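We count ligands from 1, going down the list as the structure has it; atoms in each ligand are counted the same way. Keep in mind that this is a model prediction, so the values were computed, not measured.
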Amino acid sequence: MRLEGKIALITGATSGIGLATAQLFVNEGARVIITGRNESNLAEAKAQIHGPVSTLVADVRSPAQMQSMAQQITEMFGAGTLDIFFANAGVAFSTPLLTTDEAHYDELMDVNVKGLFFSMQAVAPLLRDGASVILNSAWLNATGSAGFSVLSASKAAVRSFARTWSADLLTRRIRVNAVSPGAIDTPIFELEGRSPEQLAEVKRHLAASIPAGRMGTPDDIAQTVLFLAGDESRYMLGAEIIVDGGFAQL
Ligand SMILES: NC(=O)c1ccc[n+]([C@@H]2O[C@H](COP(=O)([O-])OP(=O)(O)OC[C@H]3O[C@@H](n4cnc5c(N)ncnc54)[C@H](OP(=O)(O)O)[C@@H]3O)[C@@H](O)[C@H]2O)c1
């Protein structure tokens, strides 16, 4: 029960890493609020999590919806009561330099960068002094991966926010750190519209190229988020933990 009595907000927790982290946080004694873009995905996620979970429909692309989410959390739990904020909502797909259109560029930047900025702006006043914030970046924030320029740039911005927001919130002892997953087996790989066969081939190829010999699981990341959320990581701020089976390191 490493998070006994804590209140945690996780954006984008209807599947994948966010959902696994919500389950782990609940197992560790936290009360958790999860968000997503629609009621039905949230209802399915809530049914899968065994423990105290509240759901809120809120699209991170809308600063107004982020403010309304913050208002509802204050009504549910009181002002200044959030102990943990895992800013996890995000999208990922390739953006070839010569063929990417404006809509795809905007979607990546609107969710991963603008969405994160206005989530944090809305949530910062709800955080307790000494709270922990974890941002979900990606291993490719510091590599040159052909065909992934916009996604990589968006996640480099996320990495940067961990440093600047730790500085912004220093007087309140709020720590902001980043987790940078490698290739994790979640529904995010379905966003490119591949057939099941193509998807299986991509995953086989990825698993073969990862030093650890497999793709990561959502729980591999949730365990690191738990560490960053709790007191065990108290001397870390503005930092990053890369959890990628050695992919970007070896
Ligand atoms: N999987 C990987 O290999 C990998 C690697 C590096 C980083 N990451 C990062 O990990 C995070 C979680 O991704 P995942 O792999 O767990 O993928 P996922 O299973 O597709 O989860 C993405 C979550 O984000 C939510 N979401 C998407 N757009 C949203 C929006 N505009 N507003 C609010 N919520 C939104 C989705 O909920 P609804 O669809 O229900 O709205 C879903 O719950 C992302 O930031 C991703 O970039 C993943």
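Among all protein heavy atoms, the one lying closest to atom 13 (O) of ligand 1 is I188 CD1, 3.7 Å. At the shortest separation from atom 22 (C) of ligand 1 among protein heavy atoms lies G90 O, 3.8 Å. At the shortest separation from atom 18 (P) of ligand 1 among protein heavy atoms lies S15 OG, 3.4 Å. Atom 1 (N) of ligand 1 has I184 O, 3.1 Å as its closest protein atom, hydrogens excluded (heavy atom only). Nearest non-hydrogen protein atom to atom 23 (C) of ligand 1 is G12 O, 3.3 Å. Atom 16 (O) of ligand 1 has its closest protein heavy atom at I17 N, 2.8 Å. Of all protein heavy atoms, the one lying nearest to atom 12 (C) of ligand 1 is N88 OD1, 3.3 Å. With hydrogens left out, the protein atom closest to atom 4 (C) of ligand 1 is G182 O, 3.8 Å, a heavy atom.
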L42/L56 under side-chain contact (heavy atoms from CB on, under 4.5 Å): CA gap, chis, key distance, verdict:
CA-CA 8 Å; L42 281 166; L56 286 175; 5.8 Å; no
Determine whether D185 and L206 satisfy the following criterion, side-chain contact (heavy atoms from CB on, under 4.5 Å), listing intermediate values before the conclusion.
CA-CA 10 Å; D185 194 354; L206 276 169; over 6 Å; no
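Only side-chain heavy atoms of N41 come within less than 4.0 Å of ligand 1; its backbone N, CA, C and O stay farther off. Neither the backbone nor the side chain of A92 has a heavy atom within less than 4.0 Å of ligand 1. Here T186 has side-chain heavy atoms under 4.0 Å from ligand 1, and that is the only part of it that gets that close. By the criterion of a heavy-atom distance under 4.0 Å, the side chain of F189, and not its backbone, is placed next to ligand 1. Under 4.0 Å from ligand 1, not a single heavy atom of L42 appears. The residue P218 has no part lying near ligand 1, judged by heavy-atom distances below 4.0 Å.
With F86 as reference, I17 is the one residue of L135, I17, T11 to meet the side-chain contact (heavy atoms from CB on, under 4.5 Å) rule. With I73 as reference, L9 is the one residue of L9, I7, V123 to meet the side-chain contact (heavy atoms from CB on, under 4.5 Å) rule.
With 3.5 Å as the limit, one finds no donor-acceptor pair spanning the side chains of D219 and T217. Looking at Q71 and E75, their side chains do bring a donor and an acceptor atom within 3.5 Å of each other. Using modelled atom types, one finds a donor on one side chain and an acceptor on the other under 3.5 Å when comparing Q72 with S68.
At least one heavy atom of K155 sits less than 4.0 Å from an atom of ligand 1.
Note on D83 versus R128: salt bridge recorded, some NZ/NE/NH1/NH2 to OD/OE distance being below 4.0 Å.
Looking at I34 and V53, their side chains come closer than 4.5 Å, going by heavy atoms from C-beta outward. Residues L226 and T21 fail the side-chain proximity criterion, which asks for heavy atoms closer than 4.5 Å. Contact of the K6 side chain with the F25 side chain is not registered, since no non-hydrogen atoms from C-beta on lie closer than 4.5 Å.
Checked against a 3.5 angstrom limit, the closest N/O atoms of N38 and ligand 1 fall outside it. Of the polar atoms of G36, none of the N or O atoms is found under 3.5 Å from an N or O of ligand 1, judged by distance alone.
Using a 30° and 60° split on the angle between ring planes, F117 and W165 fall in the tilted class, from 30° to 60°. In this pair, F93 and H104 present their aromatic rings perpendicular. The plane angle is above 60°, beyond the 30 to 60° band.
The side-chain hydrogen bond (donor to acceptor under 3.5 Å, both in side chains) search around R31 returns none, not counting sequence neighbours. Under the side chain to side chain contact (heavy atoms under 4.5 Å, CB included) criterion, D106 pairs with E102, D110, sequence neighbours left out.
Of the candidates A20, P181, G216, P181 brings a heavy atom nearest to atom 6 (C) of ligand 1. In the candidate list N136, D185, D244, D59, D59 is nearest to atom 31 (N) of ligand 1, counting heavy atoms.
Listed by atom number, the atoms of ligand 1 under 4.0 Å from A183 heavy atoms are 3 (O). Proximity to A138 (heavy-atom distance under 4.0 Å) selects the following atoms of ligand 1: 6 (C), 7 (C). For ligand 1, the atoms sitting less than 4.0 Å from at least one non-hydrogen atom of T14 are 36 (C), 37 (O), 38 (P), 40 (O), 42 (C), 43 (O), numbered in the order shown with element in parentheses. Taking a cut-off of under 4.0 Å to the non-hydrogen atoms of S137, the atoms of ligand 1 that pass are 6 (C), 7 (C). Residue A58 approaches ligand 1 through these ligand atoms, each under 4.0 Å from one of its heavy atoms: 32 (N), 33 (C). Atoms of ligand 1 lying under 4.0 Å from any heavy atom of G16, numbered from 1 in the order shown and given with element: 16 (O), 19 (O).
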